[in-house]
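For reference, the structure discussed in these notes is given below.
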Protein chains: 2
Amino acid sequence: MRLLIAEDDKLHRSFLEGVSRDTLPELDELITAADGEDAIAAFGASDFDSVVLDLQMPKVTGVEVAKSIWARKPHTKILFWSNYTEEAYIRGITKIVPPEAVYGYILKSAPEEQLKLALQGVFIAEQCVIDREVRSVQQRAGDRLSGLSELEFEALVDLCLGLTDKAIAARRHVSLRGAQSRLQHLYQKLGLEKGDLPAGPWGPSFNSRTRAISLALSQGILNADALRREEKNLQDWLSSQGE
Amino acid sequence: MRLLIAEDDKLHRSFLEGVSRDTLPELDELITAADGEDAIAAFGASDFDSVVLDLQMPKVTGVEVAKSIWARKPHTKILFWSNYTEEAYIRGITKIVPPEAVYGYILKSAPEEQLKLALQGVFIAEQCVIDREVRSVQQRAGDRLSGLSELEFEALVDLCLGLTDKAIAARRHVSLRGAQSRLQHLYQKLGLEKGDLPAGPWGPSFNSRTRAISLALSQGILNADALRREEKNLQDWLSSQGE
DNA sequence: AGCAAATTTGCGGAGACCCGCAAACGTGTT
DNA sequence: AACACGTTTGCGGGTCTCCGCAAATTTGCT
């Protein structure tokens, strides 16, 4: 068994390394990487069947690392080890996990015992181990009523990137009104009712467009990291339009 | 010497505790807290002259803890120990540090040696120890040209909370046009030039209002935590208006 | 005091946005 | 086929936003 660990925080990395050595008797080799780029490079340089990924890393996100890994070897077992249950990450993961892959998702705040169980569960027993909290977010995202549909999520991303209605329409290949329609549905789902706030004598308190961003951020549906990532996609699209 | 350590991450907390014991020979007592609330409670319950604070903590931010501490005992020595150099935090700190206080700011990514020096520097030698990276952000924020003025920063906060121009005007006691003017200056400072992006044939790509938020987030001027905090202030103000 | 820079304000118009109403679709279910 | 549900689209009007121009005001510094 050959294990790759990618984690930027020094302490967490060495802690994880120690626990892995104690918990996985069949361990033949263990390599660590301090950021996403290194992780991808290391994975290409050697032959791993198991990987532990922190999600929040400099340069390249854990999600992107996973995508690159699974694209090359879909049967690689991956355990995600992260601080938060950001919906953006969870969405990203469930979208890229291949059907045959074994993976797990555990929080750093979990007790050491749970980490050990997850390591053994995913890498030895080959079962999917998903933290309870993460699971609940995952379900909520999949639920049509409380969660956002994929289309609405796209709209949210574009909105947060600062695009205009027209630009959203162009990017997603719908009419102007279509884009606006998606936005309206989004507003509703986020809990942005028109008469929600008792507008004072100085008019309505909230601008729907910006308030939506605020709500999405505070609800953890998006975060600054996810935005930076999407910004890249946007730039790619923009330059492809310029041709 | 009596030291209080506030840090939510288990590993970092025990690591910091160990280093402190090794580095500070005059240490009489050491108490740890796992979140902001606990930290404030602990500080009230005993008598500390030195505090180490993580900035990103559940419930109550390190900045708020510092505010509460300095409000009671302005001569308390505080060392901030954080992951990032978020401008929002740095702004918050420089705004609340009393003239007589000794404090330091060091990053978690710094080598252990630097942490030791910072501990000794702040708590024993009573000098201000500010990490080089942090210092540069601090200066940029204070600079009138590249940084945002206090007024523009306020506007940014209101903008990110989702307020309308009218609401911003009311909240900040200026005319509607005044609020808009602040926003325009803000747009400029953030690098949002009108012809910046070669608007495609489908019109201007960016909505200034939302694009400004996007830029502020990706530049780390604001973060989700800061927003959640400001949201509280906003709610207070809103309810005070209702009366 | 005196000057320069920053900030605020009014006016006004072009454009963007929000959204109710109503009519097509598409997909999957019964 | 008939039906429900989600999504898309056009239209139209009311509102909000953006911003150039110009003048009044405040602030900071010498």
Side-chain angles (χ1 to χ4, degrees), chain A residues 142-156 158-197 199-213 215, chain B residues 142-156 158-160 162-190 192-197 199-213 215:
Chain A
D143 183 6
R144 304 240 140 197
L145 290 175
S146 55
L148 273 55
S149 79
E150 198 55 38
L151 292 176
E152 285 149 2
F153 188 74
E154 279 183 2
L156 175 62
D158 291 346
L159 178 71
C160 290
L161 287 174
L163 295 180
T164 60
D165 289 5
K166 268 187 202 160
I168 298 177
R171 189 179 186 199
R172 304 304 182 182
H173 308 295
V174 291
S175 74
L176 175 63
R177 192 58 183 78
Q180 292 180 330
S181 177
R182 289 184 183 185
L183 286 176
Q184 269 188 258
H185 291 158
L186 175 66
Y187 296 155
Q188 254 182 280
K189 291 278 186 75
L190 288 174
L192 215 169
E193 313 266 334
K194 198 194 241 173
D196 193 7
L197 270 291
W202 21 270
S205 315
F206 290 121
N207 171 314
S208 318
R209 211 175 180 78
T210 48
R211 185 59 178 171
I213 302 182
L215 290 174
Chain B
D143 184 7
R144 304 240 139 199
L145 290 175
S146 55
L148 275 52
S149 77
E150 198 55 36
L151 292 176
E152 285 150 2
F153 189 74
E154 280 183 1
L156 175 62
D158 291 346
L159 178 70
C160 289
L163 295 180
T164 61
D165 289 4
K166 266 188 203 161
I168 297 177
R171 188 178 186 198
R172 304 303 182 182
H173 308 293
V174 291
S175 74
L176 175 63
R177 192 60 182 78
Q180 293 179 330
S181 176
R182 290 185 181 184
L183 286 176
Q184 268 187 257
H185 291 158
L186 175 66
Y187 296 154
Q188 250 182 285
K189 291 278 186 75
L190 288 174
L192 215 169
E193 313 266 334
K194 198 194 236 174
D196 192 9
L197 270 292
W202 20 269
S205 315
F206 289 121
N207 170 314
S208 319
R209 212 175 178 77
T210 47
R211 185 60 178 171
I213 301 181
L215 289 174

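Note: hydrogens, waters and symmetry copies are ignored here, and every other heavy atom, side chains too, is used. All figures in this text were calculated on a predicted structure; none of them were measured in a lab. Letters A, B, ... mirror the listed sequences (proteins, then strands); counts begin at 1.
- Per the geometry, CD belonging to E154(A) stands 10 Å off P belonging to dT8(D), to the nearest Å.
- Taking CG of L190(A) as the start and CG of L215(A) as the end, the distance is 6.0 Å to the nearest 0.5 Å.
- From R211(A), atom CZ reaches atom OG of S208(A) across 11.0 Å, with rounding to the nearest 0.5 Å.
- Counting heavy atoms from C-beta on, the side chains of L183(B) and R209(B) come closer than 4.5 Å.
- One atom, CG of L151(B), and another, P of dT25(D), lie 19 Å apart when rounded to the nearest Å.
- If you take CG of L186(B) and P of dC18(D), they are 11 Å apart, rounded to a whole angstrom.
- Between the CD atom of E152(A) and the C1' atom of dT7(D) there is a distance of 10 Å, given to the nearest Å.
- Residues from residues 171-183 of chain B lying near DNA chain D, meaning a heavy-atom separation below 4.0 Å, are R177(B), Q180(B) in numerical order.
- F153(B) CZ to L156(B) CG: the interatomic distance, rounded to the nearest 0.5 Å, is 6.5 Å.
- Here OG of S205(B) is found 12.0 Å from CG of L161(A). Values are rounded to the nearest 0.5 Å.
- Atom CZ of residue F206(A) and atom CG of residue L163(B) lie 5.5 Å apart, to the nearest 0.5 angstrom.
- Of all non-hydrogen atoms in L192(A) and A212(A), the two that sit nearest each other are CD1-N, 3.8 Å.
- Rounding to whole angstrom units, NZ of residue K189(A) and P of dT7(D) are separated by 6 Å.
- In this structure, Q188(B) atom CD and dC19(D) atom C1' are separated by 11 Å, rounded to whole Å.
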### Query
Using Watson-Crick and G-U wobble pairs whose two distances are both under 3.5 Å, how do you write the pairing of DNA chain D as dot-bracket, with | for links to another strand?
|||||||.||||||||||||||.|||||||
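- To the nearest angstrom, C1' of dC19(D) lies 13 Å from CG of L192(B).
- A side chain to side chain donor-acceptor pair (under 3.5 Å) with D165(B) is found for one member of R182(B), R177(B), Q180(B) and no other, namely Q180(B).
- At whole-Å resolution of the value, CD in Q184(A) and P in dT9(D) are 14 Å apart.
- Look at N207(B) and you won't find any side-chain N or O under 4.0 angstrom from OP1 or OP2 of dT17(D).
- The structure places CD1 of I168(A) at 6.0 Å from CG of L159(A), a figure rounded to the nearest 0.5 Å.
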